[in-house]
**Student:** 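Dropping a structure here in structure tokens format, bear with me for questions.
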Amino acid sequence: MDVLTLLRDGGDPVALARGLIGWTFLVDGAGGLIVETEAYGRDDAASHSFRGLRTANAAMFGPPGTIYVYRSYGLHWCLNIVAAPGAAVLLRALAPTAGLDIMAERRGPVPPHLLCAGPGRLARALGVTGADDGASLFDPPFALVPGAEAPSVLAGPRIGISRDTERPWRFGLSGSRSLSRPFPRATH
DNA sequence: ACAGAGATCATCT
DNA sequence: GATGATCTCTGTG
């Protein structure tokens, strides 16, 4: 099942998270290669959707392709793409390829490979905020460009969670320097 | 290189 | 009152 079919018909967030590695994500022309993602399911104790529909997580229950933005630790914004109602993919890191100047402006003096190396950094660099919550991936300013070929993808446990910590639902582009953290016990 | 703390707020207990 | 799908800065080895 390819990414476009998953996004059109809705489907497994794990398949979408893995499939998005190597694609390019842009907001207003700024962004880069998706090098790190995480999947969150509907019946997944680590997921914001686990306790059901709330005002803050309503966008996560929208149709496939809905943008779900939440505030993390009271101060960062993090961006998800809905795979199916209650299931989504967290975009954790990009390798910057476009709009480096505007992203550097938003992020301050950091090395280019760290501009989007982490979910909070990524949202900051792309200018994504709570105002984007509920928007559609298929409409401007968002854009998703297919990857060239099947990349080498690493998998490992998700980061920063305290429940269902062992599911290998974090995915990364092998060899990328823009990962938020390395994959210690990485598997293909 | 690694560890710890502070920032900051909606939601949950 | 505690807890996060985090980041940055600071202190120490």
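Below, chain A is the first sequence line, B the second, and so on; all start at residue 1.
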**Student:** If you take all heavy atoms of A:P64 and A:L6, which pair is closest and at what distance?
**Tutor:**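 Nearest heavy atoms, A:P64 then A:L6: CB-O, 4.3 Å.
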**Student:** Is the closest basic N to carboxylate O distance between A:D44 and A:R158 below 4.0 Å?
**Tutor:**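 Looking at A:R158 together with A:D44, the answer is yes, because their closest N to O distance falls below 4.0 Å.
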**Student:** Out of the candidates A:L173, A:L33, A:V35, only one should pair with A:P151 under the side-chain contact (heavy atoms from CB on, under 4.5 Å) rule; please name it.
**Tutor:**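 Result for side-chain contact (heavy atoms from CB on, under 4.5 Å) with A:P151: A:L173.
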**Student:** Would you mind telling me which of A:L115, A:L26, A:L126 makes a side-chain contact (heavy atoms from CB on, under 4.5 Å) with A:L94?
**Tutor:**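 When A:L115, A:L26, A:L126 are each tested with A:L94, the side-chain contact (heavy atoms from CB on, under 4.5 Å) holds only for A:L126.
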**Student:** Only pairs at least two apart or in different chains count here, so list each ring-ring contact (aromatic ring centres under 6.0 Å, His included) that has a residue in residues 70-108 of chain A.
**Tutor:**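 As it turns out, the ring-ring contact (aromatic ring centres under 6.0 Å, His included) pairs with a partner in residues 70-108 of chain A, which skip direct neighbours, are A:H48-A:Y70, A:Y68-A:Y70.
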**Student:** Distance check, P atoms only: C:dA2 and B:dA5, in whole angstrom units.
**Tutor:**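 About 16 Å, rounded to a whole number of Å.
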**Student:** How long is the line joining CG of A:L79 and P of C:dT6, in whole Å?
**Tutor:**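 A:L79 atom CG is separated from C:dT6 atom P by 14 Å.
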**Student:** Run through DNA chain B and report every stem of 3 or more consecutive Watson-Crick or G-U pairs, distances under 3.5 Å, ordered by first number.
**Tutor:**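 Consecutive-pair runs (3 or more) involving DNA chain B: B:1-7 with C:6-12, B:9-12 with C:1-4.
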**Student:** Using the side chain to side chain donor-acceptor pair (under 3.5 Å) rule, collect all pairs that involve residues 89-102 of chain A, keeping only residues at least two apart or in two chains.
**Tutor:**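 Sorted result for residues 89-102 of chain A: A:E36-A:R92, A:R92-A:S180.
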**Student:** Residues in side chain to side chain contact (heavy atoms under 4.5 Å, CB included) with A:P141, at least two apart?
**Tutor:**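 Side chain to side chain contact (heavy atoms under 4.5 Å, CB included) check on A:P141 returns A:V27, A:D28.
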**Student:** Calculate the interatomic distance between A:R42 atom CZ and C:dA5 atom P; express it in whole Å.
**Tutor:**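 My rounded result for the distance is 16 Å.
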**Student:** List every contact pair, protein side and nucleotides 8-10 of chain C side both N or O, where the distance is under 3.5 Å.
**Tutor:**
unit_1: C:dT8; atom_1: OP1; unit_2: A:R107; atom_2: NH1; d: 2.6
unit_1: C:dT8; atom_1: OP1; unit_2: A:R107; atom_2: NH2; d: 3.4
unit_1: C:dT8; atom_1: OP2; unit_2: A:R121; atom_2: NE; d: 2.6
unit_1: C:dT8; atom_1: OP2; unit_2: A:R121; atom_2: NH2; d: 2.6

**Student:** May I have all residue pairs that pass side chain to side chain donor-acceptor pair (under 3.5 Å) and include part of residues 103-116 of chain A, sequence neighbours excluded?
**Tutor:**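 Of all non-adjacent pairs touching residues 103-116 of chain A, none passes side chain to side chain donor-acceptor pair (under 3.5 Å).
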**Student:** Which residue pairs pass the side chain to side chain donor-acceptor pair (under 3.5 Å) test with at least one member in residues 49-60 of chain A, sequence neighbours excluded?
**Tutor:**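 For residues 49-60 of chain A: A:S47-A:S49.
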**Student:** Quick one: A:R181 CZ to B:dA1 P, roughly how many Å, whole number?
**Tutor:**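 To the nearest whole Å, that distance equals 16 Å.
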**Student:** Output the rounded distance in Å from CH2 (A:W77) to P (B:dA10).
**Tutor:**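 Going from A:W77 (CH2) to B:dA10 (P), I get 9 Å.
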**Student:** Does any pair with a residue in residues 119-141 of chain A pass side chain to side chain donor-acceptor pair (under 3.5 Å), and if so which ones, sequence neighbours excluded?
**Tutor:**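 Matches after skipping sequence neighbours: none remain.
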**Student:** Describe the nucleic acid contact of A:L90 in one word from base, sugar-phosphate, nothing, applying a heavy-atom distance below 4.0 Å.
**Tutor:**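 Base, at least one base heavy atom under 4.0 Å.
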**Student:** How would you list, by chain and number, every residue that makes a salt bridge (Lys or Arg N to Asp or Glu O under 4.0 Å) with A:R71, sequence neighbours excluded?
**Tutor:**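 Salt bridge (Lys or Arg N to Asp or Glu O under 4.0 Å) list for A:R71, sorted by chain: empty.
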**Student:** Between the protein and nucleotides 2-9 of chain B, which nitrogen or oxygen pairs are less than 3.5 angstrom apart?
**Tutor:**
unit_1: B:dT8; atom_1: O2; unit_2: A:Y73; atom_2: O; d: 2.6

**Student:** Given the rule that I, L, V, M, F, W and Y join up when any side-chain heavy atoms are under 4.5 Å apart, are A:I67 and A:L53 in one cluster?
**Tutor:**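 No.
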**Student:** Where the side chain of A:H48 is concerned, which of C:dA5, C:dC7, C:dG4 is the nearest nucleotide?
**Tutor:**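 For the A:H48 side chain, the nearest candidate turns out to be C:dA5.
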**Student:** Check nucleotides 11-13 of chain B for protein N or O atoms closer than 3.5 Å to its own N or O atoms and list the pairs.
**Tutor:**
unit_1: B:dT11; atom_1: OP1; unit_2: A:T55; atom_2: OG1; d: 3.3
unit_1: B:dC12; atom_1: OP1; unit_2: A:R54; atom_2: NE; d: 2.6

**Student:** Taking 4.0 Å as the cut-off, does a side-chain nitrogen or oxygen of A:S162 come that near to OP1 or OP2 on C:dG4?
**Tutor:**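 Affirmative; the distance criterion is met.
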**Student:** Could you state the atom-to-atom distance from CZ of A:F171 to P of C:dA5 in whole Å?
**Tutor:**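 It is 18 Å, rounded to the nearest whole Å.
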**Student:** Is it true that A:V110 and A:L122 fall in one hydrophobic cluster, defined by side-chain heavy atoms closer than 4.5 Å?
**Tutor:**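 Yes, same cluster.
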**Student:** Show me the pairs that pass ring-ring contact (aromatic ring centres under 6.0 Å, His included) and involve residues 11-45 of chain A, at least two apart or across chains.
**Tutor:**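 Matches after skipping sequence neighbours: none remain.
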**Student:** Using the P atom as the point on both nucleotides, what is the distance between B:dA10 and C:dT8, in whole Å?
**Tutor:**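 So the two P atoms sit 22 Å from each other.
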**Student:** What is the separation between atom CZ on A:R92 and atom C1' on C:dC7, rounded to the nearest whole Å?
**Tutor:**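 Distance check: A:R92 CZ to C:dC7 C1' gives 12 Å.
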**Student:** A:L114 CG to C:dT6 P: how many Å, rounded?
**Tutor:**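 Going from CG in A:L114 over to P in C:dT6 covers 16 Å.
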